[in-house]
Amino acid sequence: MNDKIYLIIGGTGGIGQAMVQQLVQANHSHSVQIFATYHRNEPNIEAENLHWLPMNVSDEDSIKKSCRYHQTDSRSRGWVINCVGLLHTETAQPEKALRQMETEFFLQNMQINALASLLIAKHIKPLLAKANRSANHPAVFATISARVGSITDNQLGGWYSYRMSKAALNMGMKNLSIEWGRSLKDVCVVVMQPGTVDTQLSAPFQGNVAEGHLFSPAYSAECLLDVLSGMTVAQSGSFVDWAGELIPW
Ligand SMILES: NC(=O)c1ccc[n+]([C@@H]2O[C@H](COP(=O)([O-])OP(=O)(O)OC[C@H]3O[C@@H](n4cnc5c(N)ncnc54)[C@H](OP(=O)(O)O)[C@@H]3O)[C@@H](O)[C@H]2O)c1
C-alpha cells in the first residue's frame with residue numbers, strides 16, 4: 001500500500017513543474033507516488049516514484065484515460081492539484097477592451113481554465129473515494145485559480161475571457177465542495193492564487209509588477225504546498241492565496 005499519491009496536472013508549466021520538483025526532492029520513499037501530467041512535451045525529470053502521463057484537458061477522453069491509470073491503488077491519501085491554465089496563446093492576447101472579444105479565445109479560456117477542473121473531478125472521484133482520509137487529514141482537490149477571478153476584487157476591468165473563466169472555475173469548485181461535502185466526505189476542494197509568478201504565462205505582463213512582488217515558481221509552489229498541508233475539511237470550498245489568506249469571491 002502507498003501512503004500518499006500526488007497527481008499534479010500540468011506538471012510541465014512554470015508552477016506545476018516546480019511543484020513536481022519539490023515533491024520529488026521531499027519524497028524519496030516508494031510509499032509516496034507522484035504522478036504528473038504533460039500536454040505537448042514529456043519533460044525529462046526522472047525519479048523512481050515519478051510517473052508522467054499525457055493529458056490534454058480540452059479532451060474529456062484524455063482526462064478519463066489519465067485518471068483511470070491511478071485507480072489500482074486503494075488506500076493512499078490522495079492529493080490532486082490542477083496547475084493548468086491559459087492567459088494568452090500564440091495568436092491571442094487577453095482583451096483590454098470589449099471590441100477585442102473573440103468567441104474562439106473566450107471559449108478556449110472557459111474550456112481550459114473553468115471546465116477542465118470539473119471534468120477532472122468527475123473522472124478522479126473514484127480514486128478520491130477510496131483514499132485514506134479524515135477531517136483533519138483530508139484528501140485534496142486543488143486548482144490554481146487567480147485573484148483576477150474575484151468579482152469583489154475587480155478594480156481594473158479588462159481580461160474578460162481570463163477573468164470570467166477563473167470566476168466560473170471558482171463557482172464550479174465552490175459547487176463541487178458542497179456536493180462532495182454531502183456525498184464524498186473528507187475531501188478538501190480549494191481554489192488558490194499563486195501570487196504573480198515568473199512564468200511564460202505572466203511574462204508579457206510583468207512590467208507593472210512592483211519590485212519584490214514577482215515570485216519564482218519554486219517559491220510559489222513551496223507556499224502553495226505548505227498552505228495545502230495545513231488544510232482541514234472545514235476549509236473545503238475556500239479561495240485562498242499563497243499565504244493561506246482568504247480571498248473574497
Ligand atoms: N504566473 C502567474 O503569475 C499566475 C498568476 C495567477 C494565476 N496563475 C495561474 O496559475 C496556473 C499555472 O500557471 P503558470 O504561470 O505555471 O503557467 P504556465 O507556465 O503557462 O503553465 C501552464 C500549463 O498549462 C498547460 N496547458 C495548457 N493548455 C493545456 C491543455 N489543453 N491540456 C493540458 N495542459 C495544458 C501547459 O502545458 P503546454 O505548454 O504543454 O500546453 C502548461 O504546463 C494557471 O492556472 C494560471 O492561470 C498564474
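Each ligand, and each atom within it, is numbered from 1 in the order the structure gives. Just so it is clear, the model here is predicted, and its values are computed rather than measured.
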Are any of the N/O atoms in Pro194 less than 3.5 Å from those in ligand 1? no
So, regarding Thr196 and ligand 1 (criterion: nitrogen or oxygen to nitrogen or oxygen, under 3.5 Å), is there a contact or not? no
Can you pull out the closest protein heavy atom to atom 14 (P) of ligand 1? Residue, atom name and distance to 0.1 Å, please. Thr199 OG1, 3.7 Å
Mind checking the CH2-CG spacing from Trp79 to Leu7? Nearest 0.5 Å is all I need. 13.0 Å
Kindly confirm or rule out an N or O of Arg40 lying under 3.5 angstrom from an N or O of ligand 1. yes
Please tell me whether Glu48 and His28 have a donor and an acceptor in their side chains that are separated by less than 3.5 angstrom. no
Applying a heavy-atom cut-off of 4.0 Å, say which part of Ile15 lies close to ligand 1: side chain, backbone, both or neither. both
So, regarding Val57 and ligand 1 (criterion: nitrogen or oxygen to nitrogen or oxygen, under 3.5 Å), is there a contact or not? yes
Donor + acceptor pair across side chains of Ser238, Gln235 (<3.5 Å): no
When rounded to the nearest 0.5 angstrom, what distance separates CG in Leu128 from CZ in Arg133? 7.5 Å
Say you draw a straight line from CD1 of Ile8 to CD1 of Ile15; how long is it, rounded to the nearest 0.5 Å? 12.0 Å
Quick one: do the Ser62 and Asn56 side chains pair a donor with an acceptor below 3.5 Å? no
Atom indices of ligand 1, in the order listed, that fall short of 4.0 Å to a heavy atom of Ile144: 9 (C), 10 (O), 11 (C), 45 (O)
When distances are taken from atom 46 (C) of ligand 1, the protein heavy atom at minimum range is Tyr162 OH, 3.6 Å
Where on Gln17 is there a heavy atom closer than 4.0 Å to ligand 1, on the side chain, on the backbone, on both, or on neither? neither
Do ligand 1 and Cys83 have nitrogen or oxygen atoms that lie under 3.5 Å from each other? no
Protein heavy atom at shortest distance from atom 25 (C) of ligand 1: Val84 CG1, 4.0 Å
ILVMFWY cluster membership beyond Val148 - transitive side-chain contacts under 4.5 angstrom: Leu87, Trp159, Tyr162, Leu201, Phe205
Purely on distance, is any nitrogen or oxygen of Gln193 under 3.5 Å from one on ligand 1? no
Ile112 to ligand 1: N or O pair under 3.5 Å? no
Among Pro217, Gly14, Gly195, which one has a heavy atom closest to atom 4 (C) of ligand 1? Gly195
In the complex you have, is atom 48 (C) of ligand 1 within reach of the protein, judged by whether a heavy-atom distance drops under 4.0 Å? yes
Pairs of nitrogen or oxygen atoms closer than 3.5 Å, one from Gly16 and one from ligand 1: do any exist? no
CA sep, side-chain torsions, deciding dist, call: Thr89, Gln108, side chain to side chain donor-acceptor pair (under 3.5 Å): CA-CA 10 Å; Thr89 66; Gln108 202 179 358; 5.0 Å; no
Apply the hydrophobic cluster definition, ILVMFWY joined by side-chain contacts under 4.5 Å directly or through others, and give me every member besides Val209. Leu214
Could an N or O of ligand 1 be found under 3.5 Å from any N or O of Leu86, whether backbone or side chain? no
